Each structure stands twice: as structure tokens, then as C-alpha cells.
Amino acid sequence: MKMEYKQHFAAILYGAFDQQLEEETIYQMIEKPKLMSHGDLAFPCFALAKLRRKAPQKIAEETANAIDDPLFVKVEADGAYLNVFLNKQQVAADVIKNVLNERENYGSQNIGNGGVVTIDMSSPNIAKPFSMGHLRSTVIGNSIALILEKTGYKPVKINHLGDWGTQFGKLIVAYKKWGNEEKVRKNTIKELLQLYVTFHEKVDQNPSLEDEGRQWFKRLEDQDTEAMELWKWFREESLKEFNRIYELLGITFDSNQGEAFYNDKMDRVVHLLEGNELLTESEGAQVVDLSDDEMPPCLIRKSDGATLYATRDLAAALYRKETYHFVQSLYVVGNEQSLHFQQLIKVLKKLGYDWADGMHHISFGMILKDGKKMSTRKGKVVLLEEVIQEAIELANTNIEQKNPNIEDKNKVAKSVGVGAVIFHDLKNHRNNDVEFSLEDMLRVEGATGPYVQYTHARASSLLDKGLTKINVNQPILLQDDEAWPVISEIMMFPEIVERAVKSYDPSLVAKYVIDLAQAFNKYYGNVRILEDEQQKFSRLALVKAVSVVLKEGLRLLGISAPKEM
RNA sequence: GUCCCAGUAGCUCAGCAGGAUAGAGCAACAGCCUUCUAAGCUGUGGGUCGCAGGUUCGAAUCCUGCCUGGGACGCCA
């Protein structure tokens, strides 16, 4: 989506430069000056200087004199830069009107043309606690889905549950050896985790446990009754716990088909690979050789005949393509698995499936503890549910202290607590590793979710008190200089959404919403919005526009915006 | 050993489709609530942009090498 003012400037320059540069090139070169004294849009003349063999300063000067347009209040040469100053009052009125007309659709655009995008996300492992790492996948995937939807795609959120694999063999062994039915029934995940940890402690002394685990997993794959029953039980109880968390986060899925769903779809993959003569034997296992692509081989079948992660993901990719006819298929999975996805895509390409080009690994950094990866095996995990509950508690305390008379206190506390946790996860680029810090997650001041929510609540309160019905057709005349940075931010929103969808990067939206809130809070601090009857309407129109964009921005992150807090 | 990611203020990070004087938040210090929600605002201090070369009129941004940290690298997912 192009900014219309930038486009306009580019068109004018195109003429002024005697069409020596493509209009599109000019558009790309136009920048937004950091300093207000440098105007609203700027064009550096260096490139043209080379082309014309003329001093850039001179070109800037000559062009400045040649331009005369009602949209520009001033055109100025400053060194080699051509700076233009927009007619702020007119632009402000246009921008606000635009937002008031489009409301929550402001910034929506059709990039996707209705194309389906599957998103493999969340995917917690059965019988293990829902960790901070799964939170990342859940929250990032959800936000990307919302951003995709806003830009004309049809997202399909798939919770690819980790409900299959050798670890269930290990777990069954551990349960049969040291487990206690009553204890597990009472406190499923905690007990199962403990069994898992015990298994790994004992395996050091008794390596044959590994083999036993593998055997039990094989029995599971062969539909052995005892194995299946234990597995089903573990699965159901675990799901109950996960659903409590999804409920808190306000996140739903379009599909809960986990790894086990693909059990009967694995043979087909193996046959397909055989039919294409891609399968070779190596050290007793069946692999796809990828040495031509300078990658290690992709393991398809273990020496005991059992399938692997890659086999399952191949089956899932085929199933998803055939079921959803996706144009893109995203995998929101930690960056330590990047090799796996490179191999996955490569194997599909070798099978002749060019649609695999639409598959993307949306990687994210790890949650570190003392600078190191957290390990489930040692039982060192932080329980997400407890963190969220604590955040909600804190929000509650704040409400009691600052604004105890509002309606729906519990609902608001939940929104703000969850908002803090989600925002904390999304505000930085997803590929950064993050050191786990409860203190940071619970923070509500500065660049946080609650800060943005608070700003929105302030705006809402003004609109309530202003009592003026906002009539879209009434002329808007903003005379405050302080309003301009706010307008300038509002103007950016569509471009931010576009960049966010193209780079699968919710943090752009999170940063944007902070910038807008900051700009608005400055305005709020400097201008009494409800005092001057003459200007009240125009100012409230700005406030309304801000509240619409803040709310929509937060929504794209999966965070709600209460009217009071 | 090979490959991937990161290194910017005391801390957490933006900026990296090259552009003007490198920005936020936190922490520290100093102010602002009888007036629209102080979860806020204003101000001060704080920088060899890991190091060394190269490309360019111009490099935190692009290229190469090195250093440091993290991760991945066949029967886990």
C-alpha cells in the first residue's frame, strides 16, 4: 500500500526531473526525515547528481524553485536534500476522516486475494507442561494469523499437538516401573513430567531403558491395546490443562490434529519416496540423501522400521496441501529446528512439488535461563499458567488501587494481565533469544501492553466525556502543532500492516502501537482536549482516530482494549 | 570441524531495501496531580554501533576476515 502523499511527491519529481528516473525509483528513494525541521518528506539528490554530472546541491535548489503545489506548504533545498513540508491542516483532516470512515477496517488491504495460509503453531507436547517456548509459538502464530486475515488471506490455525513419538515409549516404561495411577490422575502433567525426569536420571545408569522405551513406542505404533490405552489417557488429561491456557489467552484453533493423526498416512510417504527412487539405506536406516544440496541426509525410517519426525511432517505437508490447498504454509517453530525445515522443503521439491516454495519456517528464539537453553529433561521449566495468573493478580491490584469503581473488574484485569504477557512476547523481533524474567513479563510501565491499553482507555474516557457525537461530515480543523506527530503516526499504520505481513513480524505492529501511544500521550499532556468549545470537535475527532487505531493494532497482536482500566 | 543466529547507552531492545545531528523503554537524578485516568507527562546525565579491512559522494546498515555468546549438525521432536 502506497502512501498517497509520497506517491504525489514522486509524481511531481518525476516531471521535474524530465523523467530521468523511474517514478517507482523516486518513490523508493523518498524518505521520511528524522528531524521535523527537515520537513515531512525528503529526496536526496546524490543519485541524480551522478546521472547529470551536476552538483547535488544545485539540483536540489533548482528543483525546489520549480515545484509549486497546493499540497506542499513549503519546498526547500537543504544541502543536497530536497525537503517538502505538507499542508498539515489539510493532511490532518484527510487522515482523520479516513480513519473515522473506515473504522476498524483502516489499514486493511487485499494482498492475499483470499489465499489460504496454514499455520502450524503452539504444538505443545502431551504429558509435558505448557512451557514458555510454546507460549511464543502460540502467541506469534496467532498474531500472524490476525495480520494475514487483515491483508486478505484466509489463515488456518493448526495446533499440531506433540502427541506421538518415542518419548511416549519412555513414558510408558517409566509409568509401568515407577508410576502410581492415583497420583497421575490427581495431578497429571506434574506427575508425568516427574516420571519423564526420573527416566532420564535412571537411563545414565541403565542404558537398556532406552531400548525398552523404543520397544514400547513400537508397540504403540502397532496399536497394542495396553500401550494405546495409556497413551489415550495421557493425551486427554493433558489437553484439559492446555485448554485452560488457551482460554486465558483467548486463542482458538481451526484444527487440533496432532502428530498421531498422521500415523496411517506415513506408508504413503515412504512409498512415494521409494517410487521416486529417493530412498537409500544408510547404517540400517532409510534416508533421503541431500548431499547434492550440502545438507545432511533426511531420516525417514529408523533401523527398527519406526518412522521419524521428518516422515510425519512430510505426511502432514501433503495432507495440508490436499485438504486446504494453501498458497502458503507456515511453521511457527523454534529456530533450533531450521535444518529440519530446510530438509523437509528440499525433499518435497525433490518429489516435484513446487508448492513447497510456499512453505516457510517462521522461526523464533529460545527462552533462556541464565543464558542457556531450558531443558525439560531436567525438569527446569516455568509454568505458563502460573505466570499468567500472577499477571492477572497484579492487574487486579492495580485496578483496586487506581480505579476501583469500573465495571467488569475481573474481565479488565484478565485483559490487562494477559495483555502484558502477550505484548512482552511480541514486542521484540521473534528471532531474538529472550532471557526469562518474570519481572519483565509483569511490567506495566513503559513500553508494555498495559501502557498501550491505558492510552486507549484514556482516549475512550475523553470520548465519553466529550459528549459530542462525531459527525464525519463536519469539517475538521486542527490548529495544534502538537497534533502533527500523532497524525503522522496514524498515517503510517497501513504501511506497518503491510510490512508486518510480508515479513511475518508482529513486533512491527507492537512497536508501532507503542509509538502511536507515546505520540498521543504527549499530545494529551500538552493540549486540553475538552476545554476549548471551538476546537473540541476537531480534537475529539483526532482522539477517536487514535483510539480506533490503537484498538485495531492491539487486536492484531491478540490483545483486547478495555474502555476503562 | 561445518552451517545458522546474535553482538548498538549500566540493563532490555529499535534503527540495518546505505543518507542529514544513532533513538526508545528500564534503571539513576530533578520536576509535574484542587483541572480530561500519574499504568501518564517534562527535563538531565549516559555511545570506540564487537574488532580490522573493503565497496561508496556517504556505512550501525552492504562485502570479507577475525573475536565473543548461543544454537543446529542419523536413528528425539
Side-chain angles (χ1 to χ4, degrees), chain A residues 28-29 31 33-35 37-38 42 44 46-47 49-50 56 78-81 83 123 125 162 164-167 170 210 213-214 217 259 282-287 294-304 306-310 312-313 333-340 342 363 365-366 368 371-373 377 394-395 398-399 401-403 406 416 420 427-429 431-435 437 439-440 443-455 457-466 507-508 511 514-515 517-518 521-531 539 543 564-565:
Chain A
Q28 297 296 336
M29 287 169 73
E31 46 197 86
K34 287 176 218 152
L35 268 59
S37 60
H38 288 149
F46 303 102
K50 196 168 267 182
D78 185 349
Y81 287 84
N83 297 333
S123 316
N125 295 320
W164 204 250
T166 327
Q167 82 266 17
K170 295 178 184 176
E210 288 275 6
R214 271 193 279 273
F217 177 55
E259 298 178 2
S282 165
E283 298 169 37
Q286 302 277 305
V287 309
E294 295 178 329
M295 269 186 237
C298 181
L299 280 267
I300 299 299
R301 224 198 248 282
K302 298 200 260 186
S303 14
D304 67 359
T307 54
L308 285 137
Y309 186 34
R312 201 167 303 279
D313 265 358
V333 178
N335 59 17
E336 73 262 32
Q337 290 188 40
S338 61
L339 178 62
H340 165 73
Q342 282 172 39
S363 62
M366 285 172 300
L368 306 177
K372 292 268 162 63
K373 188 180 174 178
R377 297 226 270 239
L394 183 68
N398 278 325
I399 291 167
Q401 220 172 73
K402 298 167 202 268
N403 209 355
I406 60 173
V416 173
K427 73 174 171 185
N428 292 329
H429 186 87
N431 262 322
N432 296 351
D433 288 342
V434 289
E435 176 69 27
S437 158
E439 204 189 328
D440 282 351
R443 193 156 270 148
V444 298
E445 286 163 14
T448 65
Y451 171 85
V452 181
Q453 289 172 313
Y454 176 73
T455 309
R458 268 181 156 181
S460 301
S461 164
L462 283 172
L463 293 168
D464 250 19
K465 294 202 166 117
S507 79
L508 292 174
K511 281 163 204 145
I514 286 288
D515 288 343
Q518 245 163 23
N521 277 326
K522 274 180 192 161
Y523 180 71
Y524 182 96
N526 281 307
V527 177
R528 311 246 89 216
I529 289 151
L530 301 175
E531 255 166 31
R539 287 173 172 164
V543 173
E564 324 174 85
M565 64 185 270

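Letters A, B, ... are given to chains in the order of the sequence lines, protein chains preceding strands, and every chain is numbered from 1. The model shown is predicted, which means the values in this text are computed figures rather than measured ones. Just so you know, these numbers use all the heavy atoms, side chains as well, and skip hydrogens, waters and symmetry mates.
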Participant: Round to a whole Å and report the spacing from CG of A:Leu308 to C1' of B:A77.
Facilitator: 10 Å
Participant: Do A:Ser363 and A:Val333 have side-chain heavy atoms sitting under 4.5 Å apart?
Facilitator: no
Participant: Does the side chain of A:Tyr524 reach to within under 4.5 Å of the side chain of A:Leu462, using non-hydrogen atoms?
Facilitator: yes
Participant: Answer whether the closest heavy-atom distance between the side chains of A:Lys170 and A:Arg214 falls below 4.5 Å.
Facilitator: no
Participant: Searching all strands shown, indicate the nucleotide that pairs with B:A14 (Watson-Crick or G-U wobble; both distances under 3.5 Å).
Facilitator: none
Participant: Under a 4.5 Å cut-off applied to non-hydrogen side-chain atoms, are A:Tyr454 and A:Val416 in contact?
Facilitator: no
Participant: Testing the basics here: between A:Met29 and A:Pro44, what is the closest heavy-atom pair and its distance to 0.1 Å?
Facilitator: O-CD, 3.6 Å
Participant: Taking a pair as Watson-Crick or G-U wobble with both distances under 3.5 Å, which nucleotide is matched to B:A72?
Facilitator: B:U2
Participant: Nearest whole angstrom, please: distance from the P of B:A72 to the CD of A:Glu294.
Facilitator: 22 Å
Participant: What nucleotide among B:U12, B:A72, B:G74 has an atom nearest to a side-chain atom of A:Asn428?
Facilitator: B:U12
Participant: With nearest nucleotides of RNA chain B determined for A:Lys511 and A:Arg528 from heavy-atom distances, which residue corresponds to the more 5′ nucleotide?
Facilitator: A:Lys511
Participant: Is it the case that the base of B:A38 and the side chain of A:Asn521 share a donor-acceptor contact (distance under 3.5 Å, atom types as modelled)?
Facilitator: no
Participant: For the pair made of CD in A:Glu445 and P in B:A27, what is the distance, rounded to whole Å?
Facilitator: 7 Å
Participant: Could you state the CD-P distance from A:Gln518 to B:A39, rounded to the nearest angstrom?
Facilitator: 16 Å
Participant: Nearest to the side chain of A:Asn125 - B:A77, B:G71, B:A39?
Facilitator: B:A77
Participant: Consider the side chain of A:Met366, meaning its heavy atoms from C-beta on, and name the nucleotide among B:A20, B:G71, B:C76 that approaches it most closely.
Facilitator: B:G71
Participant: When the P atoms of B:G23 and B:C49 are compared, how many Å lie between them, rounded to an integer?
Facilitator: 14 Å
Participant: Base, sugar-phosphate, or nothing: which does A:Ser338 touch, judged by heavy atoms less than 4.0 Å apart?
Facilitator: nothing
Participant: Please report the distance, rounded to the nearest Å, between CG in A:Asp304 and C1' in B:C76.
Facilitator: 13 Å
Participant: Output the single nucleotide from B:G25, B:A39, B:C76 whose closest atom is nearest the side chain of A:Asn398.
Facilitator: B:A39
Participant: Can you tell me which nucleotide in B:U35, B:A20, B:C57 comes closest to the side chain of A:Glu531?
Facilitator: B:U35
Participant: Would you say A:Asn432 places a side-chain N or O within less than 4.0 Å of OP1 or OP2 belonging to B:A14?
Facilitator: yes
Participant: Kindly check if the number of other-residue, nucleotide or ligand heavy atoms within 6.0 Å of CZ (A:Arg301) is above 12?
Facilitator: no
Participant: Suppose you measure atom C1' in B:C26 against the same atom in B:A39; what distance do you get, rounded to whole Å?
Facilitator: 15 Å
Participant: Which part of the nucleic acid, if any, lies within reach of A:Ile514 when heavy atoms closer than 4.0 Å are counted: base, sugar-phosphate only, or nothing?
Facilitator: nothing
Participant: Can you tell me, in whole Å, how much space there is between the C1' of B:U8 and that of B:A30?
Facilitator: 28 Å
Participant: What's A:Lys427 touching, base or sugar-phosphate or nothing? Going by heavy atoms closer than 4.0 Å.
Facilitator: nothing
Participant: For the pair made of CG in A:Asn526 and P in B:C36, what is the distance, rounded to whole Å?
Facilitator: 16 Å
Participant: Reckon A:Glu283 touches a base, only the sugar-phosphate, or nothing at all at heavy-atom distances under 4.0 Å?
Facilitator: base
Participant: Ignoring backbone atoms, establish whether A:Lys465 has a side-chain N or O less than 4.0 Å from OP1 or OP2 of B:U37.
Facilitator: yes
Participant: What integer number of Å spans the P atoms of B:G15 and B:U68?
Facilitator: 27 Å
Participant: Taking atom C1' in both B:G58 and B:G18, what distance in whole Å separates the two?
Facilitator: 8 Å
Participant: Rounded to the nearest Å, what distance is computed from the CZ atom of residue A:Phe46 to the C1' atom of nucleotide B:A20?
Facilitator: 8 Å
Participant: Pick one for B:C33: is it syn, with its angle within 90° of 0, or anti?
Facilitator: syn
Participant: Base, sugar-phosphate, or nothing for A:Met295, non-hydrogen atoms under 4.0 angstrom?
Facilitator: nothing
Participant: Only pairs with both distances under 3.5 Å count, Watson-Crick or wobble alike; so what is the partner of B:A28 in this structure?
Facilitator: B:U44
Participant: What interatomic distance, in whole Å, is found between C1' of B:C67 and the corresponding atom of B:G31?
Facilitator: 45 Å
Participant: Remember a base hit wins even if backbone is also touched, and classify A:Ser282 as base, sugar-phosphate or nothing at under 4.0 Å, heavy atoms.
Facilitator: base
Participant: Please give me the minimum heavy-atom distance between A:Glu564 and A:Ala457, naming the atom from each residue.
Facilitator: CA-CB, 4.1 Å
Participant: Within the 4.0 Å heavy-atom criterion, would you say A:Ala49 contacts the bases, only the backbone, or no part of the nucleic acid?
Facilitator: nothing
Participant: Within the structure shown, what part of the strands sits under 4.0 Å from A:Val333 by heavy-atom distance: base, sugar-phosphate, or nothing?
Facilitator: nothing
Participant: With rounding to whole Å, what would you report as the distance between B:U64 and B:C5 at their P atoms?
Facilitator: 12 Å
Participant: Once you apply a heavy-atom cut-off of 4.0 Å, does A:Ile399 come out as touching a base, just sugar-phosphate, or nothing?
Facilitator: base
Participant: Measure across A:Ala459 and A:Val543 and return the closest heavy-atom pair with its distance rounded to 0.1 Å.
Facilitator: O-CG1, 3.5 Å
Participant: Side-chain N or O of A:Tyr451 versus OP1/OP2 of B:C41: is the shortest distance under 4.0 Å?
Facilitator: yes
Participant: Just call it for A:Arg312: base, sugar-phosphate, or nothing, with non-hydrogen atoms closer than 4.0 Å on any strand.
Facilitator: nothing
Participant: Please name the nucleotide paired to B:G7 by Watson-Crick or G-U wobble geometry with both distances under 3.5 Å, or report none.
Facilitator: B:C67
Participant: Pick base, sugar-phosphate or nothing for A:Pro296, based on heavy-atom distances below 4.0 Å to the nucleic acid.
Facilitator: sugar-phosphate
Participant: For A:Arg443 and A:Gly525, find the nucleotide of RNA chain B closest to each by heavy atoms; which residue's nucleotide sits nearer the 5' end?
Facilitator: A:Arg443
Participant: Hey, is the side chain of A:Ser461 poking within less than 4.0 Å of OP1 or OP2 on B:C36, counting only N and O atoms?
Facilitator: no
Participant: For the P atoms, the ones on B:U48 and on B:U56, what distance do you get once it is rounded to whole angstrom?
Facilitator: 29 Å
Participant: Between the main-chain N or O of A:Tyr451 and the side-chain N or O of A:Thr455, is there a donor-acceptor pair closer than 3.5 Å?
Facilitator: yes
Participant: Does the side chain of A:Ile399 come within less than 4.5 Å of A:Ile406's, by heavy atoms?
Facilitator: yes
Participant: Kindly say if A:Lys402 contacts the phosphate of B:U37, meaning a side-chain N or O under 4.0 Å from OP1 or OP2.
Facilitator: no
Participant: May I have the distance from A:Lys34 (atom NZ) to B:A60 (atom C1'), rounded to whole angstrom?
Facilitator: 10 Å
Participant: Identify whether any heavy atom of A:Val452 sits under 4.0 Å from a base atom; if not, whether one sits that close to sugar-phosphate; answer base, sugar-phosphate or nothing.
Facilitator: nothing
Participant: Measuring to OP1 and OP2 of B:A38, would you say a side-chain N or O of A:Arg458 lies under 4.0 angstrom away?
Facilitator: yes
Participant: Closest to the A:Glu259 side chain: B:G71, B:C36, B:A77?
Facilitator: B:A77
Participant: Can A:His340 be called stacked on B:A77 when the rule is centres closer than 5.5 Å and an angle between planes below 30°?
Facilitator: no
